[in-house]
Amino acid sequence: MARSKITQTKLADMLGITPTTLSFKLNGKSTLSLKECVEIKKKAFPDKTLDYLFQTDDPDKKEVV
């Protein structure tokens, strides 16, 4: 978001939710729906994949090759 100069407020406006709600979703205190993920990709980051945008760092999860 920072590289694209998109603030949480701008992103919240794109999704039609409050900045507080977006903050909860981005910090894992509330769930982010697939529909919201797709909207974020389409409206804010059309050149990125969903996998790239929403990858997580889970040290306990082993990647299967």
Side-chain angles (χ1 to χ4, degrees):
M1 288 174 51
R3 284 184 225 138
S4 297
K5 296 186 172 118
I6 296 177
T7 64
Q8 284 192 17
T9 301
K10 285 182 188 177
L11 192 56
D13 287 342
M14 289 178 195
L15 295 174
I17 60 177
T18 67
T20 301
T21 300
L22 179 64
S23 178
F24 285 163
K25 290 174 181 278
L26 294 178
N27 290 308
K29 295 178 182 173
S30 182
T31 59
L32 191 61
S33 71
L34 177 58
K35 181 181 175 183
E36 290 168 326
C37 293
V38 171
E39 286 294 311
I40 290 169
K41 183 218 180 309
K42 284 183 180 177
K43 293 180 178 181
F45 307 99
D47 60 325
K48 305 292 185 216
T49 66
L50 285 173
D51 287 337
Y52 173 80
L53 291 173
F54 298 101
Q55 66 185 335
T56 59
D57 295 328
D58 187 352
D60 296 327
K61 187 176 180 180
K62 303 278 189 236
E63 186 173 331
V64 178
V65 180

remark   = dist K43:NZ -> I6:CD1 (nearest 0.5 Å) comes out at 12.0 Å

query = Is L53 reachable from I17 through a run of I, L, V, M, F, W or Y residues, each pair having side-chain heavy atoms under 4.5 Å apart?
reply = yes

request  = Among I40, T49, L34, find the residue that satisfies the side-chain contact (heavy atoms from CB on, under 4.5 Å) test when tested with F54.
outcome  = I40

inquiry  = Nearest 0.5 Å, please: how far is OG1 in T18 from CG in D13?
reply    = 10.0 Å

Separation between CE of M1 and CD of Q8, rounded to the nearest 0.5 Å = 5.0 Å

ask   = Counting only N and O atoms by type, is there a donor-acceptor contact under 3.5 Å from the side chain of K25 to the main-chain atoms of L32?
value = no

inquiry  = Can you tell me how far apart CG (L11) and CD (E36) are? Round to the nearest 0.5 Å.
reply    = 10.0 Å

key: Over-ring placement of K48 relative to F45, 6.0 Å and 45° cut-offs   = no

query = If you measure from CG on L50 to SG on C37, what distance do you get to the nearest 0.5 Å?
reply = 6.5 Å

remark   = The reported gap from CG in L22 to NZ in K10 (rounded to nearest 0.5 angstrom) is 14.0 Å

